[in-house]
Amino acid sequence: MTVIQIKDIAQYEGQEVTLRGWVYNRTDKGRLQFIQFRDGTGIAQCVAFKKEMSPEAFEIAGKLTQESSVIVTGTVRKDERAPGIPGGYEVGLSKLELVQMADEYPITPKDHGVEFLMDNRHLWVRSTRQWAILRIRATIINAMRNWLDDNGYMLVDTPILTPSAGEDTTTLFKIDYFGEPAFLAQTGQLYNEANMAAFGKVYCFGPTFRAEKSKTRRHLMEFWMLEPEMAFFSLEDLMDMEEQFISHVVQTVLAKHRAELEILERDTSKLEKVVAPFARISYDEAVERLQKLAAETEDPEQKELLQMEWGGDFGSPHETAIAEMFDQPVFVYNYPSAVKAFYMQPVEGRPEVCRSVDLLAPEGYGEITGGSERISDPALIDERIARIGLPREAYAWYLQLRQYGSVPHAGFGIGLERTVAWICGLPHIRETIPYARMLNRKYP
RNA sequence: UCCACAGUAGCUCAAUGGCAGAGCAAUCGGCUGUUAACCGAUGGGUUCCUGGUUCGAGUCCAGGCUGUGGAGCCA
């Protein structure tokens, strides 16, 4: 008895194999049963023919309900008519052992609404689309980490439970830490700066938490973020590195997941173009382009949405409009200091803008990375912390980093789920993570 | 938090203020090549909640709850 995985089925043509898994769908033709059978690695058609099985086994085959668990044995044969993933091969069954006859399964092969599917997320992950997305997610994580590990970056974990980070705790989840307040981390960035000075090029990767009351297709309360931080890196070094990194991730998915991208009906020609170098425009130029576009736009509603004054941050319509000007991801750098974080290095001779850079994904997927050169001057970082009213004592350790061998450094954060949504071409972020935590949902 | 829309069978949806309906799923029967199979039969309802208008409310009105889409905030 050779137990095989469906993804390898082509290697076993003509051989007797055993599959262990679940019934995805079944077509009853009387003395012939077509069972779409999945094992987690793919879907294969199993054909149960009355004359080729024991009467007991054939009777069970004819009663199998959707998602019943079964162990089947039969001979692999090539047949162009056979559907499945990869498809083209089917198994002519000789034996069938029922593990459990499933109750009436709520998710049928027909259409369902969003709420119903999210309520049944624990079952929905078995469906083909979700299966494809989560497999690609796993590969994206793997490709990100491999590229970093292969290019001299070291994984250094940062804490999830953190002390008070300052006066603005409205976007932090507060928890009780033995009678003291503590908060779930919304970034590993500050700890990364300490680790950068210890190891040179580092990154952290883990879940982060934002208690923002955001209700959009691009927000989760719990999402996974990967944040590299590099000593002696300039803004230009950062962009060079990011475009290599992103290209590697996208090209790895293309190489490994053609079948999954096809299930998702993803236009892969758009992904083929994601190869370094990417376009780079300054914030100033982006604003100019948006103003020009707004002036040329006929539709009054669209015109209104594209209104933009220098000094503001981009809204979702702005990001989409800029991204549409390019068929690749585009870097926008030197944002106004006022709309960015306190630790970002001002541009020399022009302190109203800072050495920051966001990477906007094409096709309206918006910002997928945000980063900057950090302030390395101890006096300046001290002043910034004082100016925005952060408690000095809470940041004492962070300020010390500038006293002991301060160096120019830079880093960025990339939101995993937004990256998955973009690469998979999904309309909503809720399908990019196994169990989404959203404004109105924490079940299942 | 704001704006818009929705809530009817397990699911997806119909129903001019006048008998609560279909497809899928389930159950039973038929079929040796199905691709979300097909054909026949059967069972299945607190029409989101509370109150109101009316001879009569799934339908109209008020309030609430839940969800969806968008905005803001952000990765």
Side-chain angles (χ1 to χ4, degrees), chain A residues 24-36 43-52 58 62-63 65-67 77 79-85 87-88 90 92 101-120 123-124 127-128 168 170-171 186-189 207-227 301 304-305 312-320 339-341 358-361 365-371 412-422 427-430 432-433 438-441:
Chain A
Y24 195 63
N25 202 358
R26 180 171 63 88
T27 300
D28 186 339
K29 290 284 295 176
R31 264 166 282 187
L32 193 59
Q33 301 285 335
F34 295 100
I35 302 160
Q36 306 309 321
I43 296 178
Q45 173 159 278
C46 294
V47 183
F49 184 36
K50 194 168 188 174
K51 287 184 189 164
E52 292 167 359
F58 186 79
K63 285 184 173 163
T65 52
Q66 197 185 345
E67 291 303 321
R77 57 184 179 234
D79 193 319
E80 284 181 5
R81 294 169 297 184
I85 306 164
E90 63 182 22
M101 188 68 84
D103 287 348
E104 186 178 342
Y105 190 65
I107 301 178
T108 68
K110 294 280 181 182
D111 292 337
H112 298 285
V114 171
E115 188 186 9
F116 174 79
L117 289 170
M118 288 304 287
D119 282 344
N120 288 284
L123 304 175
W124 192 23
S127 298
T128 307
D168 181 23
T170 54
T171 65
Q186 57 176 345
T187 174
Q189 140 88 41
T208 52
F209 306 88
R210 307 241 170 132
E212 290 159 7
K213 297 211 166 176
S214 304
K215 193 179 104 45
T216 80
R217 62 172 75 182
R218 290 165 37 188
H219 284 86
L220 294 167
M221 302 301 109
E222 174 182 307
F223 68 98
W224 287 65
M225 188 158 66
L226 186 145
E227 297 173 277
E301 202 174 318
E304 172 70 27
L305 283 173
D313 206 352
F314 299 127
S316 163
H318 303 120
E319 282 185 358
T320 303
V339 301
K340 288 292 177 184
D358 286 356
L359 182 65
L360 306 183
Y365 283 95
E367 182 185 342
I368 53 167
T369 81
F412 72 98
I414 178 167
L416 176 65
E417 286 76 17
R418 284 191 184 176
T419 307
V420 175
W422 164 48
H428 201 294
I429 201 165
R430 62 185 158 229
T432 63
I433 185 165
M438 295 182 298
L439 194 53
N440 295 317
R441 175 173 297 280

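Every chain is numbered from 1 and lettered A, B, ... according to where its sequence line falls, protein lines coming before strand lines.
- A/Leu32 and A/Phe58 make their closest contact through N-CZ, 4.1 Å (heavy atoms, listed as atom of the first residue, atom of the second, distance).
- With hydrogens and angles left out, the side chain of A/Ser214 and the base of B/C73 share a donor-acceptor pair within 3.5 Å.
- Between the P atoms of B/G23 and B/C39, the separation comes to 10 Å (whole Å).
- Of all non-hydrogen atoms in A/Asp313 and A/Val339, the two that sit nearest each other are N-CG1, 3.9 Å.
- Heavy atoms of A/Gly366 sit nowhere under 4.0 angstrom from any nucleic acid atom.
- Per the geometry, CD1 belonging to A/Ile107 stands 11 Å off P belonging to B/U12, to the nearest Å.
- For B/C74, its base never sits under 3.5 Å from the side chain of A/Asp313 at any donor and acceptor pair.
- Straight-line distance between the C1' atoms of B/A25 and B/G44: roughly 11 Å, to the nearest whole Å.
- Across all strands shown, A/Pro83 has heavy atoms under 4.0 Å from base atoms, whether or not it also approaches the sugar-phosphate.
- A donor-acceptor pair under 3.5 Å is absent between the side-chain atoms of A/Tyr24 and the main chain of A/Gly84, judged by distance alone.
- Pair assignment for B/C74 gives none, since no Watson-Crick or G-U wobble pairing has each distance under 3.5 Å.
- In this structure, CZ of A/Phe49 is placed 13 Å from P of B/C31, rounded to the nearest angstrom.
- Positionally, the nearest nucleotide of RNA chain B for A/Lys63 lies more toward the 5' end than for the other of A/Lys63 and A/Val47.
- Nearest heavy atom pair, residue A/Arg26 against residue A/Lys63, reads NH2-C, 4.0 Å.
- Atom C1' of nucleotide B/C31 and atom CZ of A/Arg26 are separated by 14 Å, given to the nearest angstrom.
- Counting non-hydrogen atoms under 4.0 angstrom, A/Arg430 reaches the backbone sugars and phosphates but no base.
- B/G43 and B/C55 have their C1' atoms separated by 35 Å, given to the nearest Å.
- A donor-acceptor contact under 3.5 Å links the side chain of A/Gln45 to the base of B/U34.
- Using a 4.0 Å heavy-atom cutoff across all strands shown, A/Leu416 reaches no nucleic acid atom at all.
- Among the nucleotides B/A36, B/G72, B/U34, the one closest to any side-chain atom of A/Pro109 is B/A36.
- Here the closest non-hydrogen pair linking A/Glu367 and A/Glu319 is N-OE1, 3.2 Å.
- Remark: A/Lys340 NZ is packed, more than 12 non-hydrogen atoms of other residues, nucleotides or ligands lying under 6.0 Å away.
- Across all strands shown, B/U54 forms no Watson-Crick or G-U wobble pair with both key distances under 3.5 Å.
- Pairing partner, B/C5: B/G67, with both Watson-Crick or wobble hydrogen-bond distances short of 3.5 Å.
- Atom CD in A/Gln66 sits about 13 Å away from atom C1' in B/G10, given to the nearest Å.
- A/Phe116 places its CZ atom 10 Å from the C1' atom of B/A25, with the value rounded to the nearest Å.
- Side-chain proximity of A/Lys110 to the nucleotides B/G69, B/G72, B/A36 is greatest for B/A36.
- Nucleotide B/C38 has B/G30 as its partner under the Watson-Crick or G-U criteria, with both atom distances under 3.5 Å.
- A/His112 comes within 4.0 angstrom of the backbone, heavy atoms only, and of no base.
- As judged by a 4.0 angstrom heavy-atom cut-off over every strand, A/Thr208 is placed among residues making no nucleic acid contact.
- With C1' as the reference atom, B/A62 and B/A57 are 15 Å apart, rounded to whole Å.
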Trace of the salt bridge (Lys or Arg N to Asp or Glu O under 4.0 Å) decision for A/Arg77 with A/Asp79 = CA-CA 6 Å; A/Arg77 57 184 179 234; A/Asp79 193 319; 5.3 Å; no
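- For the pair A/Asp111 and A/Arg31, nearest-nucleotide mapping onto RNA chain B gives the more 5' position to A/Asp111.
- Closest to the side chain of A/Lys29, out of B/G67, B/A71, B/U32, is B/U32.
- With a cut-off of 3.5 Å on both pairing distances, the Watson-Crick or G-U wobble partner of B/C13 is B/G21.
- Rounded to the nearest Å, the gap between the P atom of B/U59 and that of B/A6 is 14 Å.
- Looking at A/Thr108 and A/Gln66, their side chains never bring a donor and an acceptor atom within 3.5 Å of each other.
- A straight line from OH of A/Tyr105 to C1' of B/C24 spans 16 Å, rounded to a whole angstrom.
- For B/U46 and B/A71, the C1' atoms lie 37 Å apart once the distance is rounded to whole Å.
- For B/G7 and B/A14, the P atoms lie 8 Å apart once the distance is rounded to whole Å.
- Looking at heavy-atom distances under 4.0 Å, A/Glu90 makes contact with a base.
- In this structure, A/His219 places its NE2 atom 14 Å from P of B/G69, rounding to the nearest Å.
- Judged by atom type and distance alone, A/Glu80 does not reach the base of B/G33 through any side-chain donor-acceptor pair under 3.5 Å.
- Residue contacts for A/Asp28: at a heavy-atom cut-off of 4.0 Å it reaches a base atom on one of the strands shown.
- Distance CD (A/Glu104) to P (B/C24): 14 Å, rounded to an integer number of Å.
- Base contact: A/Asp79 has a heavy atom under 4.0 Å from a base atom.
- Rounded to whole Å, the C1' atom of B/U8 lies 9 Å from the corresponding atom of B/A20.
- Side chain A/Lys215 to base B/G69: a donor-acceptor pair is found below 3.5 Å.
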